[in-house]
Student: 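Sharing a structure here in structure tokens format.
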Amino acid sequence: MRLTLRFMLPIALVIGIIGYAVTPLIDEWMVHWSIRDLDSRSSSLATVFSVSRKSIKASLQDLLLDGHVASAAFCDPEGRFLYRTAGFPPQVLCKGEDSRVVRTRGRQVHVAYRSLRTASGRPRGSLVLIHDMSYVQNRSRMTNLVLAIFFVALAFVISLISVLVAQRSVKTWVRTLRSLIRRDGVLTPPMLRTATPELRPIMRDLGSLIRDLETDRRAREESPVNWSPRALKEILLDELRGDEILIVSNREPYIHTKRDGKIRVQVPASGLVTALEPIMRACSGTWIAHGSGDADREVVDANDRVRVPPEKPSYDIRRVWLTEEEEKGYYFGLSNEGIWPLCHVAHTRPVFRSSDWRQYKRVNAKFAEAVVQEAKTQDPVILVQDYHFGLLPKMIKEKLPDSTIITFWHIPWPNPEAFGICPWREEILDGLLGSDILGFHTRFHCNNFIDTVDRYLQSRIDRETSTIAYGNRLVAVNSYPISIEYPSRWMGDQKPIADCRRDVRKSLGLPEDRLLGVGVDRLDYTKGILERFMAVERLLELEPRWRGRFSFVQIAAPSRSSIGPYQNIRAQVAQLAERINSRFGRDGYAPIILKMEHHDPDLVFEYFRASELCFVSSLHDGMNLVSKEFVASRDDERGVLILSQFAGAAKELPEALIVNPYDSDQCAAALHSALIMAPGEQASRMRHMRSLVQEFNVYRWAGKMLIDASRLRNRVRFEARVAGTALSA
């Protein structure tokens with residue numbers, strides 16, 4: 001009944017309003033048509049009168065025989081009445097307009113004047129006809145009644161049809177959705193074909209949601225709070241049945257370097273390593289990466305492998321050696337002078353050289369060969385990481401056609417116009433489409449990639465399922481927002497918050513009551529370090545009370561220092577920090593504390609825990625894991641995160657203070673708000689963000705990709721069995 005009323009009442013209301021608005025117009029049209037009809041009748045009666053052989057009096061009496069003529073009169077050429085019938089309105093004169101409507105004795109009458117002439121053309125006089133218009137009013141009332149009945153009937157019929165269609169559609173949807181739920185979210189082609197077109201996207205979304213919920217449920221059986229290494233391992237053993245997993249990246253998770261004559265292990269400052277290293281510790285396998293440390297060769301075995309982590313080995317790193325020329329062209333050249341600025345749209349001109357492209361192809365081929373050598377089976381699951389390997393998926397697929405390749409692009413993907421700058425755009429797209437699953441941080445980046453393929457390659461794109469049919473292959477393009485491990489291993493040996501605050505300030509030579517902000521980045525022009533410093537400067541301009549009370553610590557790990565733009569940003573950062581410190585510094589006070597050196601993760605976490613705020617001001621970022629690491633570090637539920645709207649993390653952490661890093665005033669206001677924010681509000685914001693980072697951690701990120709790979713593999717195997725059965729039959 002509620003559903004019926006929900007349809008009928010709005011329809012009845014709308015039709016009633018339409019009827020109410022239309023009725024006066026219909027009345028006006030009815031009167032207009034009636035007057036035209038009376039004018040025509042008057043002309044006809046005048047013609048009859050003029051040819052009548054009877055006397056004027058008799059002729060006028062004959063006119064009264066017409067049912068609508070109430071009275072009549074005849075006037076001479078001078079405008080004097082010669083004869084008037086009974087009831088002729090006294091206010092009507094002999095001379096007047098051709099026709100008009102007047103009110104007399106409480107009713108409306110139509111007055112028509114018609115001139116008459118003799119046979120010789122001389123004026124004979126004029127005939128005045130009075131028509132009673134009461135019948136017009138009666139006709140109008142009847143018309144209004146009929147219209148009202150019509151609109152009521154129309155509203156009822158339309159409502160009834162709408163209710164029947166809605167009920168039928170709802171029943172169909174419910175039946176289909178129930179069938180989908182009973183099948184655990186598995187969509188079969190017959191189900192999609194029989195579903196109505198408007199229901200198909202809902203079915204796909206619901207199917208995906210059911211699979212996600214089922215996966216989460218199974219993970220929670222192992223870990224009641226969130227995804228954990230153990231839960232991930234159990235799910236993958238079940239889903240992938242122990243299938244081989246290989247990771248390929250340029251950066252290795254552990255670098256062996258010589259320092260003071262000893263070999264030391266260093267964890268690089270890399271969001272990619274932060275995300276993937278916990279996965280390999282949970283799932284074992286082999287990580288294939290470029291051996292970049294000056295002591296890397298000294299610790300590998302005869303097959304260029306080394307077991308890591310050093311404290312508890314659980315997986316292998318297979319190191320690939322590059323010549324200086326290869327590294328210069330492939331890594332520093334095309335990857336970081338070409339593709340990096342191209343994708344980040346960071347106002348730095350990308351540089352493309354044919355020599356770099358040759359090295360890029362050569363190194364991708366070298367890594368493809370390493371993957372084939374490390375693969376112990378013909379169908380491993382291979383996770384290819386980032387923009388350094390745009391050609392690798394296709395190269396691997398050509399050598400291991402049964403492998404399942406998941407390529408994750410860790411940086412933004414620009415729009416088709418921007419990517420079109422690349423001279424080898426078609427080759428890179430062709431290489432990436434060798435993947436089975438192609439992942440990005442956000443749906444926006446997925447859409448940009450699909451649009452780029454649509455622009456530059458001959459392919460068939462299904463935007464509802466987010467798939468690309470290219471050649472004889474189908475590639476899924478999905479968003480997988482990356483995250484960090486939770487709880488972080490770097491929290492294991494952390495001191496209490498009070499001790500971190502005291503020790504950090506002591507190491508910096510600051511008083512214990514100094515308020516601290518912290519920024520942690522590679523020294524990169526996309527991270528917005530200059531914009532961050534200008535926001536601090538603007539804060540001290542607008543709010544002098546923070547001078548001497550607030551300092552900002554910037555940890556900037558050197559990166560790609562042989563590339564011109566990186567050399568420039570290093571110099572610019574140092575110069576700006578010096579200028580701000582010279583302007584506002586006094587009595588040993590420095591607003592900016594710049595530390596351009598590598599810091600181990602445990603020390604970075606200590607800075608996070610010691611600070612009042614963390615400022616992430618990326619000008620363009622795929623995700624940015626520093627923001628999530630800061631949140632994970634604050635088990636005291638204190639501290640404020642200021643986050644650029646251009647970082648992918650801004651879509652997941654709305655409780656942060658979201659800013660436009662190009663707007664110094666807005667950023668300065670955010671810094672001020674963070675410094676004066678009440679503890680209760682800090683706790684509320686941090687609690688929500690920690691809950692999200694805990695729930696959507698790196699194990700869930702990897703698990704979703706690998707489970708999607710598992711379903712893909714199962715489908716391929718099923719289709720192969722069906723094809724084999726058909727052939728044998």
Side-chain angles (χ1 to χ4, degrees), residues 15-154:
I15 292 179
I17 293 173
I18 294 173
Y20 183 79
V22 166
T23 299
L25 296 177
I26 294 178
D27 277 342
E28 185 177 341
W29 293 338
M30 287 287 296
V31 172
H32 179 70
W33 293 335
S34 298
I35 290 174
R36 288 182 58 187
D37 180 53
L38 291 175
D39 286 341
S40 177
R41 291 170 61 85
S42 297
S43 298
S44 299
L45 291 173
T47 301
V48 172
F49 180 87
S50 64
V51 299
S52 175
R53 298 290 182 178
K54 298 181 180 180
S55 65
I56 292 176
K57 178 178 180 181
S59 297
L60 289 177
Q61 292 297 328
D62 288 343
L63 293 178
L64 296 182
L65 296 176
D66 184 286
H68 296 303
V69 177
S71 59
F74 183 76
C75 304
D76 63 16
E78 284 73 28
R80 295 187 297 269
F81 285 108
L82 295 180
Y83 186 81
R84 287 182 285 188
T85 63
F88 192 88
Q91 68 268 36
V92 177
L93 303 178
C94 267
K95 293 184 178 181
E97 303 172 356
D98 287 345
S99 64
R100 60 194 176 105
V101 177
V102 300
R103 177 172 289 278
T104 178
R105 298 173 185 174
R107 62 176 182 169
Q108 285 185 329
V109 296
H110 176 265
V111 181
Y113 294 90
R114 295 292 182 269
S115 298
L116 302 178
R117 294 181 179 274
T118 63
S120 62
R122 295 174 56 192
R124 181 184 175 192
S126 60
L127 179 67
V128 183
L129 297 174
I130 307 297
H131 288 88
D132 186 0
M133 294 188 66
S134 59
Y135 81 97
V136 176
Q137 297 172 347
N138 293 334
R139 184 185 297 173
S140 178
R141 284 194 294 270
M142 182 61 66
T143 302
N144 290 341
L145 178 61
V146 171
L147 282 175
I149 296 172
F150 169 77
F151 279 118
V152 170
L154 180 65

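Side chains are part of it too, since the values below use all heavy atoms of this structure and drop only hydrogens, waters and symmetry mates.
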Student: Which pairs would a plain distance check flag for residues 81-88, meaning a side-chain donor or acceptor within less than 3.5 Å of a matching protein atom at least two apart in sequence or in another chain?
Tutor:
| unit_1 | atom_1 | unit_2 | atom_2 | d |
| --- | --- | --- | --- | --- |
| Thr85 | OG1 | Ala72 | N | 2.9 |
| Thr85 | OG1 | Ala72 | O | 3.2 |

Student: Would you say that Pro123 contacts Ser115 through its side chain, given a criterion of any heavy-atom pair below 4.5 Å between the two side chains?
Tutor: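 Heavy-atom side-chain distance check fails, nothing below 4.5 Å.
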Student: Identify the heavy atoms of Ile35 and Met133 that sit nearest to each other, and give their distance.
Tutor: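 Result for this residue pair: CG1-CE, 4.2 Å.
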Student: Can you tell if the side chain of Arg114 reaches within under 4.5 Å of the side chain of Asp39, non-hydrogen atoms only?
Tutor: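 Side chain of Arg114 against side chain of Asp39, heavy atoms only: contact under 4.5 Å found.
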Student: Roughly how far, to the nearest 0.5 Å, is OH of Tyr113 from CG of Leu129?
Tutor: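 Between Leu129 CG and Tyr113 OH, I get 10.5 Å after rounding to 0.5 Å.
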Student: Return the CG to OG1 distance between Leu116 and Thr47, rounded to the nearest 0.5 Å.
Tutor: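 OG1 of Thr47 is found 8.5 Å from CG of Leu116.
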Student: Any chance you could measure Arg124, atom CZ, to Cys75, atom SG, to the nearest 0.5 Å?
Tutor: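 One gets 13.0 Å once the value is rounded to the nearest 0.5 Å.
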Student: Of the non-hydrogen atoms in Gln108 and Arg103, which two are nearest, and what is the gap between them?
Tutor: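 Residues Gln108 and Arg103, closest heavy atoms: CG-NH2, 3.6 Å.
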Student: Are the side chains of Pro89 and Ile130 in touch, meaning some heavy atoms are under 4.5 Å apart?
Tutor: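 Counting from C-beta outward, Pro89 and Ile130 do come under 4.5 Å.
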Student: Closer than 3.5 angstrom, by distance alone: can the side chain of Ser42 be matched with the main-chain N or O of Leu38 as a donor-acceptor pair?
Tutor: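 Confirmed, Ser42 side chain pairs with Leu38 backbone.
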